[in-house]
Amino acid sequence: MLFKFHVGTKVYFGRNCVKDNIMEFSGYGTRAVIVTGKNSGKSSGALDDVSAIFEQLNIKYMIYDKIENNPALENIQEGAIAAASFHPHFIVGIGGGSPLDAAKAVAVLAANDIEPAELFKNAFRNKPLPVIAIPTTAGTGSEVTPYSILTRRDMQTKMSFGNEDTFPKAAFIDASYTESLPADITVNTAVDAFSHALEGYLSKRSTPVSDILAVQAIDIFGQCVSNLQRGEFDFGIREKLLYMSMLGGMVISQTGTTIVHGMGYSLTYFKNIPHGRANGLLMSEYLKFIYDNAAKKVDNVLKLLRLGSIGEFGTLMGGLLSEKVQLTEEEIRLYALLAMKQKSASYNVVPVTQEDLMRLYRQSLKGKS
Ligand code: NAP
Ligand code: ZN
């Protein structure tokens, strides 16, 4: 056995964990910028909770609430300029993966005089400002990953950066902040969390410890499937989904993702398909593609989900994701080319070629038009 395991985030999990651990907010300085989306901070209730704590602790704060979904570098730059003018000591990210990833980028840019595109060099002269992450979706696990995934319009895709210094310093993970999530976003983001566990489990970079976390997350997804199908989410289910999402984040912090994520980025960039849904559409053909090289693990995934075959898995995913997608041959060629350039292309148990990915797109989206 030879592996490294590192999650650099202090986790507070459970209902009211923000209010019950106020002192955690007092250790990072007296000026903070809150980075959030247009609605997620407010509708989740997390923004009110954090603002009240800052008043109580006499911490001066500024709210930047203009983070878009799948934030582009231009959006990050605007946020970074606004944040820099406030001279913060730390950053609080509140929201789904988009605001949390943006908070990490703003934290690096606030401490380093660099252009946003230089974030992807992944080496920064000064350490980023500390980030506290408060998720309001149960999907990305960004609260416990070092990654920030940003849209690069100049390259027509999404790219990530992250190193050991970009893990959030603390994460407050409270399922009550996800109760305001509409059912479709709940399903899409749950599929994303499941995808992290699945891809990490089946990655060339999986480790004995990441596998323990992945197996638990996959099992929890199985427990939640019927609720996801019915669109019924009580607090207990929401808490399970959020816990699964955190586990998935811990998994990909060790393993990264695979070509499923790499291929999904183009579906999001060009076709506006939500991130989790994009991954879900590609999963069952991916399982068939790698089966001969990962039979034991794929069979275990099916067993954990109480399914008899990859065909049944495909039917399950198809029922959760009723997306209509139609790609032309030119689009398929371009998307496969872009996916080949992703780091995750090299993490598959089976080496991939552009032709393989074109075939995977065709088979995955067949009958989805
Ligand atoms: P998101 O883009 O952050 O949010 C999706 C939508 O949900 C937004 O409209 C958002 O509103 C809304 N929303 C969020 N929380 C809500 C709540 N509690 N109540 C009502 N509405 C709420 O979605 P996401 O799937 O969580 O994040 C996707 C991003 O994360 C992608 O860019 C993806 O590439 C990235 N990602 C990151 C990692 C990582 O490790 N860092 C891993 C996987 C994916 P607002 O517009 O108001 O925010
Ligand atoms: Zn993801």
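This is a predicted model, so every value here is computed, not measured. Quick note: numbers below take in every heavy atom, side chains included, and nothing from hydrogens, waters or symmetry partners. Both ligands and their constituent atoms are indexed starting at 1 by order of listing.
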Salt-bridged, [X] to [Y], with N to O below 4.0 Å?
{"X": "Glu285", "Y": "Arg362", "answer": "no"}
{"X": "Glu179", "Y": "Arg238", "answer": "no"}
{"X": "Glu164", "Y": "Lys4", "answer": "yes"}
{"X": "Lys271", "Y": "Glu331", "answer": "yes"}

Please indicate whether any nitrogen or oxygen in [X] is less than 3.5 Å from any nitrogen or oxygen in ligand 1.
{"X": "Tyr265", "result": "no"}
{"X": "Ser44", "result": "no"}
{"X": "Gly97", "result": "yes"}

List ligand 1 atoms under 4.0 Å from [X], heavy atoms only on the residue side.
{"X": "Thr145", "value": "39 (C), 40 (O), 41 (N)"}
{"X": "Ser180", "value": "17 (C), 18 (N), 19 (N), 20 (C)"}
{"X": "Ile149", "value": "34 (O), 36 (N), 37 (C), 38 (C), 42 (C)"}
{"X": "Ile185", "value": "6 (C), 7 (O)"}
{"X": "Tyr147", "value": "40 (O), 41 (N)"}
{"X": "Asp192", "value": "43 (C), 44 (C)"}
{"X": "Ser142", "value": "39 (C), 41 (N)"}
{"X": "Thr189", "value": "25 (O)"}

Return the option from [options] holding the heavy atom at the smallest distance from [atom].
{"atom": "atom 35 (C) of ligand 1", "options": "Thr186, Asp101, Asp184", "result": "Asp101"}
{"atom": "atom 30 (O) of ligand 1", "options": "Asn279, Thr140, Thr166, Leu100", "result": "Thr140"}
{"atom": "atom 26 (O) of ligand 1", "options": "Ile94, Thr137, Val191", "result": "Thr137"}

message: Quick check on Pro99 - does any of its heavy atoms sit under 4.0 Å from an atom of ligand 1?
response: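 Per 4.0 Å heavy-atom rule, Pro99 contacts ligand 1.
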- prompt: Could a heavy atom of Ser43 be found less than 4.0 Å from some atom of ligand 1?
  reply: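 Yes; Ser43 lies near enough to ligand 1 that a heavy-atom distance drops under 4.0 Å.
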- request: Treating Ile, Leu, Val, Met, Phe, Trp and Tyr as nodes and any side-chain heavy-atom pair under 4.5 angstrom as an edge, say whether Met246 and Val92 lie in one connected cluster.
  value: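 No.
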query: Are Leu150 and Leu338 linked, directly or through other ILVMFWY residues, by side chains that come within less than 4.5 angstrom of each other?
result: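 Leu150 does not cluster with Leu338.
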Students should be able to answer this: which protein heavy-atom is nearest to [atom], and at what distance?
{"atom": "atom 22 (C) of ligand 1", "result": "Leu181 CD2, 3.6 Å"}
{"atom": "atom 44 (C) of ligand 1", "result": "His275 NE2, 3.2 Å"}
{"atom": "atom 46 (O) of ligand 1", "result": "Asn69 OD1, 3.5 Å"}
{"atom": "atom 45 (P) of ligand 1", "result": "Ser40 OG, 3.6 Å"}
{"atom": "atom 1 (P) of ligand 1", "result": "Ser98 OG, 3.5 Å"}

Side chains of [X] and [Y] only: does a donor on one sit below 3.5 Å from an acceptor on the other?
{"X": "Tyr291", "Y": "Asp299", "value": "yes"}
{"X": "Asp356", "Y": "Thr353", "value": "yes"}
{"X": "Asn112", "Y": "Arg125", "value": "no"}

Within-2.8 Å protein N/O/S contacts of the Zn ion (ligand 2):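 For the Zn ion (ligand 2), the protein N, O and S atoms that sit under 2.8 Å away are Asp192 OD1, His196 NE2, His261 NE2, His275 NE2.
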task: Kindly say whether Leu228 contributes a backbone atom to a donor-acceptor pair with the side chain of Thr186 at under 3.5 angstrom?
output: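 Absent.
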message: Please check if the number of heavy atoms outside Arg152 that lie under 6.0 Å from its CZ is greater than 12.
response: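 Result for CZ/Arg152: enclosed.
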- request: Step through the shown structure and confirm whether more than 12 heavy atoms of other residues, nucleotides or ligands are within 6.0 Å of CG on Asp234.
  value: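 Buried by this count: over 12 neighbours within 6.0 Å.
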field: Over-ring placement of Arg31 relative to Phe90, 6.0 Å and 45° cut-offs
entry: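 No - Arg31 does not lie over the ring of Phe90 by the 6.0 Å and 45° rule.
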Heavy-atom distances under 4.0 Å are what count here, so tell me which part of [X] touches ligand 1: side chain, backbone, both or neither.
{"X": "Thr136", "answer": "both"}
{"X": "His196", "answer": "side chain"}
{"X": "Lys158", "answer": "side chain"}

